[in-house]
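The structure appears right after this line, and notes come after that.
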Number of protein chains: 2
Amino acid sequence: MAAQRKTVEEVVKILGVTPRTLHYYEEMGLIPACERTAGGHRLYDEETMEKLAHILRLKEYLGYSLHEIRTVIDAEDELERLRVTYHSSVDDKERRLALTAFSQEVEKILATIDDKMERLATMRTTFAERLGRAQDLLAGKKV
Amino acid sequence: MAAQRKTVEEVVKILGVTPRTLHYYEEMGLIPACERTAGGHRLYDEETMEKLAHILRLKEYLGYSLHEIRTVIDAEDELERLRVTYHSSVDDKERRLALTAFSQEVEKILATIDDKMERLATMRTTFAERLGRAQDLLAGKKV
DNA sequence: ATATCATTTTACGTAAGCGTAAGGTATAGA
DNA sequence: TCTATACCTTACGCTTACGTAAAATGATAT
């Protein structure tokens with residue numbers, strides 16, 4: 001059961017991006033250079049697909065720039081790198097540093113999310129009220 | 001008690017934008033050409049301040065482009081225009097059209113907000129879990 | 001009155017995030 | 001094998017949303 005690799009065509013269909021975007025993210029180092037066919041066509045594995053989805057969420061829902069996203073990804077990658085390497089006491093200091101950096105990044109993200117959710121809730125209330133009034137008027141109610 | 005007019009300096013301090021942004025929004029027709037001093041310096045009234053805050057919210061928290069924001073504002077302005085004009089039965093058809101257009105815009109916005117809030121909630125959970133695990137590791141817990 | 005700082009218009013510049021065209025190669029289906 | 005797409009790299013182009021510089025004028029404090 002070899003992991004399913006996806007062609008560019010499949011990826012763009014699933015994620016709603018263009019090939020150019022995939023190339024660009026690869027150029028920027030946001031995703032690793034992926035596997036290729038004998039002829040040089042790209043094949044995306046599941047891990048990269050998840051990274052892409054992760055990037056697109058950070059971009060779309062948190063409004064992060066690709067630069068900010070790289071900062072996040074770097075912290076995540078560093079943590080992962082240390083997770084899979086040999087766990088010696090020598091690594092330990094480095095590991096705590098990575099964990100701390102990662103935690104700080106995630107805390108920033110959580111703060112951003114909380115702030116956004118709060119603002120969105122306020123806006124929702126405001127717009128819902130305005131919609132209600134407009135619909136009352138449409139229904140012919142005296143207001 | 002004449003309404004307080006604000007200078008550019010005050011506006012940029014309050015809203016956290018630059019003078020260029022104010023000029024640009026005026027150029028784009030997002031805000032009306034405001035009052036001037038005898039010498040031509042701009043003075044912003046409260047109504048425009050609120051419009052600006054409105055624009056910045058749509059931009060920052062919904063990620064709307066200035067073009068999309070204009071669509072929203074146009075619907076709002078059209079509604080307001082009809083609200084303050086003479087309410088004849090001749091206006092009535094036009095008025096219902098404006099109300100419908102406005103309602104549709106607001107419904108779109110509400111859908112956007114609900115979608116965003118849902119996605120943010122999901123992301124929050126994911127990141128909170130990851131933060132928890134990182135902090136457990138930092139605390140020396142076996143995981 | 002004068003120095004200082006804020007603001008004006010005009011207009012070219014810029015960064016991010018891709019779009020797009022060109023010219024050539026791969027892959028898949030009949 | 002042939003044909004129709006899909007994909008490759010390279011590289012210049014483009015849009016949005018302002019930034020920034022210049023040269024002149026207005027506002028304000030002393």
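Naming: A, B, ... by sequence-line order, numbering from 1 per chain. Everything numeric here is computed off the predicted structure, so don't read it as measured data.
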Any side-chain donor-acceptor pair under 3.5 Å between [X] and [Y]?
| X | Y | answer |
| --- | --- | --- |
| A:T100 | A:S103 | no |
| A:D115 | A:T112 | no |
| A:T18 | A:T21 | yes |
| B:E10 | B:Q4 | no |

Interatomic distance where [atom1] belongs to [X] and [atom2] belongs to [N] [whole Å]:
| X | N | atom1 | atom2 | answer |
| --- | --- | --- | --- | --- |
| A:E10 | D:dT5 | CD | C1' | 15 Å |
| B:E27 | D:dG19 | CD | C1' | 13 Å |
| B:E9 | C:dT8 | CD | P | 11 Å |
| B:E26 | D:dA17 | CD | C1' | 16 Å |
| B:H23 | D:dA17 | NE2 | P | 18 Å |
| B:I69 | D:dC18 | CD1 | C1' | 14 Å |
| B:L30 | D:dT16 | CG | P | 13 Å |
| A:K6 | D:dA6 | NZ | C1' | 18 Å |

Can a donor-acceptor pair be found, under 3.5 Å and without considering hydrogens, that links the side chain of A:R96 to the backbone of B:L138?
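Yes; at least one donor-acceptor contact below 3.5 Å.
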Nearest 0.5 Å, please: how far is CG in B:L110 from CE in B:M117?
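Between B:M117 CE and B:L110 CG, I get 11.5 Å after rounding to 0.5 Å.
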Is it the case that atom [atom1] in [X] sees more than 12 heavy atoms from other parts of the structure closer than 6.0 Å?
| X | atom1 | answer |
| --- | --- | --- |
| B:E47 | CD | no |
| A:E118 | CD | no |
| A:E80 | CD | yes |

Could you go through nucleotides 26-28 of chain C and list every protein N or O atom that sits under 3.5 Å from one of its N or O atoms, giving the distance for each pair?
| unit_1 | atom_1 | unit_2 | atom_2 | d |
| --- | --- | --- | --- | --- |
| C:dA26 | O4' | A:H41 | NE2 | 3.1 |
| C:dT27 | OP1 | A:T37 | OG1 | 2.7 |
| C:dT27 | OP1 | A:G39 | N | 3.0 |

D:dC7 phosphate, OP1 or OP2, under 4.0 Å from A:R42 side-chain N/O:
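Indeed not, no polar side-chain atom of A:R42 lies that close.
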Does B:R36 place a side-chain N or O at less than 4.0 Å from the phosphate oxygens OP1/OP2 of D:dA27?
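For B:R36, the contact criterion (side-chain N or O under 4.0 Å from OP1 or OP2 of D:dA27) is not met.
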So which protein N/O to nucleotides 14-18 of chain C N/O distances come out below 3.5 Å?
| unit_1 | atom_1 | unit_2 | atom_2 | d |
| --- | --- | --- | --- | --- |
| C:dG17 | OP1 | A:L66 | N | 3.1 |
| C:dC18 | OP2 | A:Y25 | OH | 2.8 |

